[in-house]
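Just so it is clear, the values below take in all heavy atoms, side chains as well, and ignore hydrogens, waters and symmetry mates. Chain letters run A, B, ... following the sequence lines, proteins first, then strands; residues in each count from 1. Note that the coordinates shown come from a computational prediction; the quantities given were computed from them, not determined experimentally.
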Protein chains: 2
Amino acid sequence: MVSIKDVAKCAGVAISTVSKVLNGYPNVSEETRQRVNKAVEELNFVPNSVAAALSSKQAGRVALLINSNMKTNAIDEIDMQYISGALNKAMELNLDVITLFFFMFQNKTADEVARYLQSQSITGIIIYGMSKEDKVLHRLISTGKFKCVVIDAPFVNVSTSCIGVDHRRAQYEVAAKTVMENNCKRILYIAGKRNGYVTDERIRGMEDLVKEKNLTMLVRNGEFSELQARNITLKYAKNKDIVVCASDLMAIGAMKALIQMDIFRPVCGFDGIILMGYVGKQMNTVRQDFASISESAMEELQELMNGGYGRNIVMKHSLVRMKYEDIIA
Amino acid sequence: MVSIKDVAKCAGVAISTVSKVLNGYPNVSEETRQRVNKAVEELNFVPNSVAAALSSKQAGRVALLINSNMKTNAIDEIDMQYISGALNKAMELNLDVITLFFFMFQNKTADEVARYLQSQSITGIIIYGMSKEDKVLHRLISTGKFKCVVIDAPFVNVSTSCIGVDHRRAQYEVAAKTVMENNCKRILYIAGKRNGYVTDERIRGMEDLVKEKNLTMLVRNGEFSELQARNITLKYAKNKDIVVCASDLMAIGAMKALIQMDIFRPVCGFDGIILMGYVGKQMNTVRQDFASISESAMEELQELMNGGYGRNIVMKHSLVRMKYEDIIA
DNA sequence: TTGTACGCGTTATCAC
DNA sequence: GTGATAACGCGTACAA
């Protein structure tokens, strides 16, 4: 393996000078800079990021913490977009990344998780899919040992940023559109996880709509489960005009239930997953660009690791209808 | 951060003794071993894997190379299973893992990729979804710089193992079953990628069947594309008795085409992805346990890194019918 | 059986 | 502007 030492020798300078050039430090003459760069080219030198991480505490090593329940492939789709977006941006920014799933830390304490991350020289983490019950993660964040970016959960402090679409507004918009198109009055709203951050926001969006248009609404928690959404629909949809769901997966469950009941009710979802294209019916949904959300999260994490302050970032969303023809192309 | 030095001090022994205990070396008295372990417990010491990787060249750092085309969520589902299986086993075996996608290395040479991996102190790689055209990967493997485990491609040498189900047999079985159930004579077989390793194996399986049962078969390449499978079906299915597809996704495409043509033909797929449960019709397919394939791959990679020789590993498969009720539960 | 000392490849702090 | 040199945390010959 060609090391910085070889480069130094080849360029006829000291190791520390090479390091300065590589890391863009000042106080290096243009001439030596060029000599070093030439040597780097010649030897095809690539700095060893492991050594860099060991040497400097602020080398950008990042962990992706993913809360995947591994049950439905809708979740898979979203997580894959998250992962690939993050990895892509990380490579661009020259950050090292390790990918971790929550289930690897089952019945581990926050301290244990923190030590594991430190054992990997991790200084920044991005958290996907955190819920209010994830006490371990909350503690992990509040230790302040890591720079954090949290997706879809309102966590902001000096070393923590959060990022996501405006769920309240998005839920309002997609429901309003569907309500208007079908002239509905009585809403069945199948919400997500009880006490979920996103769930609460979306319920607020629905409340905005109900108030503004003078509608009625029954709210039930579907826990983001297709099966529960199905059962809720079977039980309550009959004397409602519309079923609004807090996720596409639940919307699919609701739709299947309606078909079984042999009644028509407009249904709308949330997320814009490709799976929607396979279920046979179109519906309105909110499209989130998970990959670019994740890319932005990685950029933000770099900001934090470079000394920036935590903040709240809102990403764009859009309303779409998904059909098979769009998916297959 | 608590380091090995602290542990040594706490246990009243030398650093190297701690290291020996940690790595299970002999020639340490039971008494000191216990003292060291106690100190480790007390201080909650977790060895820094970055330093370990830097120090010893054979520290197990592994890269997952994933060829995801990021277009369909069926692929997502499979890849997520691969990833989570690998990460899970790696954590169990105390191996560090970085996850990489092929598209990150677009228009990079094998040398460049190798250097990148070395810059990360990677010594072992697992390759998912390699095709015959991936020249860069072939070269990467043949450099011998890394221990490799390749999924579903026949690569075996001293430092390379391969692993996967018996595609020839599996394809034979699922097709045979469907043929028998429906008493078919004329097969339309929609194969995968032209010149794909798996594709060729599966075609052989079909040829076995055709020969044994004295059937006729038309083979067309669907490139694992749902759309192409659809078009092939529209074009050729009419005067065939059955459509056998080399992937579930193509089977879905074929089925949708048949519905549009308003004719019935039995269809069978390959992979056993959850998506199948959403398309409304049941069909026979081959179920592969991608997570456990990936776990076994990680175990095999560890064997290789510990000095084992490359070999060919065959995983089990099973025949299933997927229906919505199974998925949703 | 235990401890000393050096090396892994890099960064960073100083003298020069 | 440049170059020694001490960390970083660990593995491991080698000496004791």
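No side-chain heavy atom of B:V18 sits under 4.5 Å from any side-chain heavy atom of B:I15. Counting heavy atoms from C-beta on, the side chains of B:K145 and B:L117 never come closer than 4.5 Å.
Ranking D:dT2, C:dG9, C:dA12 by closeness to the A:Y25 side chain, first place goes to C:dA12. Checking C:dC8, C:dT4, D:dA7 against the side-chain heavy atoms of B:L54 singles out C:dC8 as nearest. Closest contact between the side chain of A:N23 and the listed nucleotides C:dT11, C:dT1, C:dT10 involves C:dT11. When distances run from any side-chain atom of A:V28 to the nucleotides D:dT2, C:dT10, D:dC10, the shortest one goes to D:dT2. Checking D:dC10, D:dA7, D:dA4 against the side-chain heavy atoms of A:A14 singles out D:dA4 as nearest.
Within the nucleic acid shown, B:S19 comes within 4.0 Å of at least one base atom, counting heavy atoms only. As judged by a 4.0 angstrom heavy-atom cut-off over every strand, A:S16 is placed among the base-contacting residues. Using a 4.0 Å heavy-atom cutoff across all strands shown, A:V13 reaches sugar-phosphate atoms only and no base atom. As judged by a 4.0 angstrom heavy-atom cut-off over every strand, A:S49 is placed among residues making no nucleic acid contact.
Side-chain N/O atoms of A:T17 and base N/O atoms of D:dG1 include no donor-acceptor pair closer than 3.5 Å. Taking only distance into account, the side chain of A:S56 never meets the base of C:dT11 through a donor-acceptor pair shorter than 3.5 Å.
Look at CD1 on B:I15: it is 13 Å from P on D:dA7, rounded to the nearest Å. Taking atom CD of residue A:Q118 and atom C1' of nucleotide D:dC8, one finds them 15 Å apart after rounding to whole Å. Between A:L22 atom CG and C:dG9 atom P there is a gap of 15 Å when expressed in whole angstrom units. Atom C1' of nucleotide D:dT12 and atom NZ of B:K20 are separated by 8 Å, given to the nearest angstrom. Between the NZ atom of B:K5 and the P atom of C:dA5 there is a distance of 14 Å, given to the nearest Å. Here D:dG9 presents its C1' atom at 9 Å from CE of B:M1, a figure rounded to the nearest Å. Straight-line distance from the CD1 atom of B:I4 to the P atom of D:dT12: 11 Å, rounded to whole Å. Distance CG (A:N27) to P (C:dA12): 14 Å, rounded to an integer number of Å.
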**Prompt:** side-chain hydrogen bond (donor to acceptor under 3.5 Å, both in side chains) between B:N195 and B:E133: does it pass, once the steps are laid out?
**Reply:** CA-CA 8 Å; B:N195 285 326; B:E133 285 103 48; 4.6 Å; no
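Counting only distance, with no hydrogens or angles, the side chain of A:R61 and the backbone of A:A53 share no donor-acceptor pair below 3.5 Å.
Checking the phosphate oxygens (OP1, OP2) of D:dC8, no side-chain nitrogen or oxygen of B:N48 falls inside 4.0 Å. Distances shorter than 4.0 Å separate none of the side-chain N or O atoms of B:S3 from OP1 or OP2 on D:dC8.
One finds no salt bridge joining A:E41 and A:K38 here, because no Lys/Arg side-chain nitrogen approaches an Asp/Glu carboxylate oxygen to under 4.0 Å.
Between A:V46 and B:E31, the one whose closest nucleotide on DNA chain C sits nearer the 5' end is B:E31.
For the residue pair A:Q120 / A:Y116, a side-chain donor-acceptor distance below 3.5 Å is found, with atom types taken as modelled.
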